Amino acid sequence: DGYESHITDDLIGQQDEYNEADSDSGDGLKFDTDGILAIKGYSIAEVKEASETLRQWKMFPLPADGDIKFVAKNTDFARIESRIARTREHIFTALGVPDIEEIVGATGATSGIALGLKFKPMQDNAKSMIAYLRAGVRKRIDLINTVKRATGGAIEDVQVNITFDLPVNRVEQWQNIGSVTGVVSHTKQLEMLDDVHDPDQELK
């Protein structure tokens, strides 16, 4: 009603947090792959002169008090992954929509009840949005008709229907439909299956 966006400042902040964590982890990974070789007991000029030999033979002579080692930066990737996962969860919570990766899991399937619960906040948002979308479409049709009435052929008897469907676990439906045998008619059982579009024809 107040023309306020669903993309709130707190949601944008969480998105920025996610992008920053993801970017930092990428920078850290690139930095890790570029180790620094520290050589003690030689000057920079001497190391530069022997660099080809070192690269070819993988050996480097050292004085008695010398030392050679790689200086590497260790990145705590578990901490980064935890931060990204937590921020991702906050983003979906703020949006009121389910995380598809979380729903499907390893098997790619979940129960109908679980799906309904996960999608309920998004359904509630959609119901409020549909009223605005329907009104917007009708206003556009009125605008078109304003022009068309001058030339004839206005759009008449228009019904604006906006619907949405929840994902359905069809395997679960077919496995459990037999549990209502003897409780409801065979026709009613067929009506309860989303794959059956014409229960009467299917019954025949």
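Count residues from 1 along the sequence. All heavy atoms count here, side chains included; hydrogens, waters and symmetry mates do not. Quick caveat, the model's predicted, so the values are computed rather than measured.
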(message) Take a 6.0 Å sphere around CZ of Arg134 and say whether it holds more than 12 heavy atoms from other residues, nucleotides or ligands.
(response) yes
(message) Working to the nearest 0.5 angstrom, can you tell me the gap between Leu54 CG and Glu49 CD?
(response) 13.0 Å
(request) Taking all non-hydrogen atoms of both residues into account, name the closest pair between Lys148 and Ala154 and its distance. (result) CB-CA, 3.9 Å
(message) To the nearest 0.5 Å, what is the distance between CZ on Phe92 and CG on Asp99?
(response) 4.0 Å
(message) Walk me through whether Val47 and Leu37 qualify under side-chain contact (heavy atoms from CB on, under 4.5 Å).
(response) CA-CA 10 Å; Val47 172; Leu37 186 63; over 6 Å; no
(request) Measure the spacing between NZ of Lys40 and CG of Leu62 and express it to the nearest 0.5 Å. (result) 10.5 Å
(request) Give a yes or no answer on whether the side chain of Ser23 reaches the backbone of Glu20 with a donor-acceptor pair at less than 3.5 Å. (result) no
(message) Can a donor-acceptor pair be found, under 3.5 Å and without considering hydrogens, that links the side chain of Asn145 to the backbone of Ile155?
(response) yes
(request) Answer yes or no: is there a side-chain heavy-atom contact under 4.5 Å between Ile141 and Val137? (result) yes
(message) What's the separation between atom OG1 in Thr87 and atom CG in Asp16, rounded to the nearest 0.5 Å?
(response) 11.0 Å
(request) Grab the two heavy atoms, one from Ser25 and one from Asp22, that are nearest each other, plus how far apart they are. (result) OG-O, 2.7 Å
(request) Taking only Lys NZ, Arg NE, NH1 and NH2, and the carboxylate oxygens of Asp or Glu, determine whether Arg86 and Glu89 approach each other closer than 4.0 Å. (result) no
(request) Would you check if the side chain of Glu191 reaches a backbone N or O of Pro199 as a donor-acceptor pair within less than 3.5 Å? (result) no
(request) Would you confirm whether Tyr42, through its side chain, and Lys48, through its main-chain N or O, come within 3.5 Å as a donor-acceptor pair? (result) no
(message) How close do Ile80 and Ala21 get, counting heavy atoms only, and between which atoms?
(response) CG2-O, 4.1 Å
(message) Has Gln173 got a side-chain atom pairing as donor or acceptor with Asp194's backbone, closer than 3.5 angstrom?
(response) yes
(message) Keeping Ser82 on the side-chain end and Ala78 on the backbone end, is there a donor-acceptor pair under 3.5 Å?
(response) no
(message) Please report the interatomic distance CG(Leu203) to OG1(Thr187), rounded to the nearest 0.5 Å.
(response) 4.5 Å
(message) Could you check whether atom CG of Asp9 has more than 12 heavy atoms from other residues, nucleotides or ligands sitting under 6.0 Å from it?
(response) no
(request) Indicate yes or no: does Arg138 engage Asp142 in a salt bridge with an N to O separation below 4.0 Å. (result) no
(message) Show, in sequence, the C-alpha distance, side-chain angles and deciding distance for Glu17 and Arg83, and conclude whether the side-chain contact (heavy atoms from CB on, under 4.5 Å) test is met.
(response) CA-CA 9 Å; Glu17 169 81 4; Arg83 180 182 175 190; 2.8 Å; yes
(request) Please report the closest heavy-atom contact between Ile177 and Gln189, naming both atoms and the distance. (result) O-NE2, 3.0 Å
